Amino acid sequence: MNPIEVKDLNFSYDQHLDVVKDVSFTVERGSYTTLIGHNGSGKSTIAKLIIGLLEKEQGSILIDGEELNNETVESIRRKIGIVFQNPDNQFIGATVRDDIAFGLENHQVDPKDMDAIIEKYAGEVGMIEYLNHEPTRLSGGQKQRVAIAGILAMKPEILILDEATSMLDPEGKEDINSLVKQLHKENNMTILSITHDVEEVMKSDHVIVMYEGRIVKDGLPSKMMLNEQELVRLKLDAPYSVKLSNELSKLGIKLKNAGNMEGMVDELCQLLLKK
Amino acid sequence: MNNIALGRYLPLDSIVHKMDPRYKLVAMLVLMVAIFFPSGYIGYAIIGSFVLFSLLLAKLNIKMILRAMKPMLFMLVFLTFVNTLVLRTGYVLIDLFGFKVYSDAIFQTLYITIRLLLMIMVTTILTASTKPLDLTLAIEDLFSPLKRFGFPAHEIAMMISIALRFIPTLIDETNRIMKAQASRGVDLKEGTFKEKIMAILSLIVPLFVSSFQRAEELADAMEARGYIPSAKRTRYKQLKHTMKDWVMMFCVICVLGSVIWISL
Amino acid sequence: MPIAFEKVNYIYAPKTPFQYEALKCIDLAIELNKITAIIGPTGSGKSTLVQHLNALLVPTDGTVYILDRELSSNQKNKDLKSLRQRVGLVFQFPEYQLFEETILKDVMFGPLNFKMTEEDARQKSMTALTMVGLDESFYERSPLDISGGQKRRVAIAGILAINPDVLVLDEPTAGLDPQGAKSMMELFVELNRKYKKTILIVTHDMDHVLNYCDNVVVMKKGEVITHQQVNDFFFKGDTVKEIEMALPQRLRVVESLREKGFKLDSKISNLKDLANAIKKEISHE
């Protein structure tokens, strides 16, 4: 059973922006899947549909084999945690401690147990020293860490990141990316990351590319992200390694590892030694 | 700490700060009732000494409160003026070329001033020693018996606490929009009436738009984390009362009792 | 007179417990008619620095010289409006400052505040909208119903319509997708080359610094650590490594190839040259 299975999903807003047309895809258990597309391609809409913040028009969404509908939405939300884009607008509590407690209160955890849970997950995201800090005294990256701690405390199986790093500075981005990577590896969480960052895509297990509401590519990043012209047509940027290998192939140097910078550097190195 | 506004929380370490906000809130209400009893100067002396004692316990500065009273000075002057004109009972205190100032006028004013001062002191002790959020929790707890009759105690408390959480964020936002519009030539000090209206609109409309967006995103985030307004939830912050809260309650009731006794 | 900072200090909320020294003794001269990047970690004082340029902030100590104006705390700084007409400042996420019913009206708001005639304002606004790549079909639409990237363009047009000589932008590409960011940066290059605007850009993106900017100012903890030409900054000396910021992609590739024994000149200005240099190495030409 796959954690996320989406079939023939359709959705349109009253306005014209961000529609979703005939979208079908599967996210495998324990995978790090990235969803990429230009602004307004419908990728964030998909995240909201999956956790039932928006109601689909047609199609089906299965989470762990359970069909999402009005009856199941509450139990499905327990399985999925989502980190949104704006760090400020998802910080609910007055302090870090209160914010992590918010989800626990919703799940009717006994207040006596909360402190231990809060401290455990604040520790896991490296925010234990900031438990009594107010949000105004935290950086964007720190607020996103707190958001992640709040989600982890509810023990979901799936973590969705909806452009969670796009408003952060490079330091905050790096911070959150490495935290997510660690959660993926150590806790074996299924990750669905909605992103603009091609370099993050290249490091993921699976990429889904969206363009104007439809899925146009779905598969291994090292295979899907190689055609530079096509990516530009989809209003995306090609990974730097792909750009370089394209330039090199024009000069007659064909490389196997175009999608992976380290692999490409090694390959070039072997060529250098061979001659 | 030059410009402490009235009603602001001061993070000090005192016994009053550690008291249960529910008891503090009730105590404040009881003292307010006591202040409204016409108990004369002896009554006010009792209330006053209790309030001063609490002020000391809370490690608050009397000067600070007096300074906060400054804006009310004008009102008091005005009150004195009206009272001297209107109240013509008691004995004559001053006779200025036939214009007589009666004793009751002065005493009435003094009376009102003392009441006002006491009321401000009582509320300041509460707000300065209690975090706004704890006050919200206290309100929620005190009103929770009314839940049975459909009174949305929890929802109101949640709304207040979110409003409190977003005040600093919105202040930052307002500053930013003001600066952005100043860069587009907005000048709130100069200009015609029409230009001023436009200037205000250029501030308010963006503030509304972004607040609505924030509200929407916040609602999404809350819902995604399993919040359902009408559903049962537990509460992390449990308010606990201890011996000191009972002692305070006892003292406050004694104050009220003696005031009532005096005014009978 | 160029743009210069002379021993500028700026303190937020002075003489309170919240006192915070955001700028410490800044000495800096910005070249006119160039694109200057201002980089540095969050909280290094970049935003505070640029707000001095159109006198939204006045130095606590020291003097700021902007064009023919002089700003310091010990003199009355009158008529700041005329300065703001010549130095346009675009804030971070400027799409949140739009408020008018139509896009054209919103862009005209600035020019009208600066006492241009209605006709002149309309003309300037149309030109500005063309500059940012929005055609007539947008004029009568509401600024609230267009995409995020387009909103940002409208907001930038709102400053361009004032026709400032100096354009200052605080993280103009934050939150845009890569293509949106690229065309935004290309717009600034065009404004600089074609319309001779002096441009300052606060950014976190080192690739943008390398690819689009002439000069770079690096800030850290309220101080200017270095101010150099972009080429010198990346290719001469070690400042770029000392500041602990991620290198642009091209330089990272060059670095890792050099570590593996490639003899590459670090001063390779584009992708094509890099490919050529690699080929040269491999085929031992």
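Residue numbers begin at 1 in each chain, while the letters A, B, ... track the order of the sequences. Keep in mind the model is a prediction, meaning the values are calculated, not measured. Side-chain atoms are counted along with the backbone in the values below, which use heavy atoms only and exclude waters and symmetry mates.
A distance-only check finds no donor-acceptor pair linking the side chain of B:Thr130 to the backbone of B:Thr127 [under 3.5 Å].
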Before you tell me yes or no, could you show the steps for B:Lys244 and B:Thr242 under side-chain hydrogen bond (donor to acceptor under 3.5 Å, both in side chains), namely the whole-Å CA-CA distance, both residues' side-chain angles and the distance that decides it to 0.1 Å?
CA-CA 5 Å; B:Lys244 58 178 176 291; B:Thr242 53; 3.3 Å; yes

Could you go through C:Arg153 and C:Gln150, starting from their C-alpha distance and side-chain angles, then the distance that decides it, and tell me whether this counts as side-chain hydrogen bond (donor to acceptor under 3.5 Å, both in side chains)?
CA-CA 5 Å; C:Arg153 285 169 180 269; C:Gln150 288 166 339; over 6 Å; no

Determine, step by step, whether B:Asp187 and C:Asn113 satisfy the side chain to side chain contact (heavy atoms under 4.5 Å, CB included) criterion, reporting the C-alpha distance in whole Å, the side-chain angles of both residues, the deciding distance to 0.1 Å, and the verdict.
CA-CA 8 Å; B:Asp187 190 341; C:Asn113 279 329; over 6 Å; no

Working note: C:Asp68 + C:Arg86, criterion salt bridge (charged side-chain N to carboxylate O under 4.0 Å, His left out); need CA distance, chi angles, decisive distance, verdict.
CA-CA 10 Å; C:Asp68 52 3; C:Arg86 298 182 62 195; 3.2 Å; yes

Evaluate salt bridge (charged side-chain N to carboxylate O under 4.0 Å, His left out) for C:Asp106 paired with C:Lys151, printing each intermediate quantity in order.
CA-CA 11 Å; C:Asp106 202 290; C:Lys151 279 185 194 169; over 6 Å; no

Intermediate values then yes/no, salt bridge (charged side-chain N to carboxylate O under 4.0 Å, His left out), B:Asp134 and B:Lys24:
CA-CA 11 Å; B:Asp134 290 340; B:Lys24 280 193 268 186; over 6 Å; no

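Between C:Phe91 and C:Phe93, the ring center distance fails the sub-6.0 Å criterion.
Note: C:Tyr10 and C:His52 have perpendicular aromatic rings, judged against thresholds of 30 and 60 degrees for the angle between ring planes.
Annotation: residues 152-167 of chain B contacts chain C through no residue [non-hydrogen atoms, separation under 4.5 Å].
The contact between B:Val209 and chain C is made entirely by side chain atoms (from C-beta outward), counting heavy-atom distances below 4.5 Å. Both the backbone and the side chain of B:Met198 come within contact range of chain C, judged by heavy atoms closer than 4.5 Å. For a residue to count as touching a neighbouring chain, one of its non-hydrogen atoms must lie under 4.5 Å from one of that chain's; by this rule C:Gln51 touches chain B with the side chain only. For C:Leu144, the part sitting under 4.5 Å from any heavy atom of chain B is the side chain, from C-beta outward, and nothing else. For C:Gln85, no part lies near chain B; criterion is any non-hydrogen pair under 4.5 Å. The parts of C:Leu89 that come within reach of chain B are both its backbone and its side chain, each placing non-hydrogen atoms under 4.5 angstrom from that chain. No part of C:Leu80 comes within reach of chain B, as not one of its non-hydrogen atoms sits under 4.5 angstrom from that chain.
Across B:Ala199, B:Ser210, B:Ala182, the residue that shares the most heavy-atom pairs under 4.5 angstrom with chain C is B:Ala182. Note on B:Glu173, B:Met178, B:Glu195, B:Arg176: by heavy-atom pairs under 4.5 Å with chain C, the leading option is B:Arg176.
Residue-environment remark: CD (C:Gln19) exceeds the threshold of 12 foreign heavy atoms within 6.0 Å.
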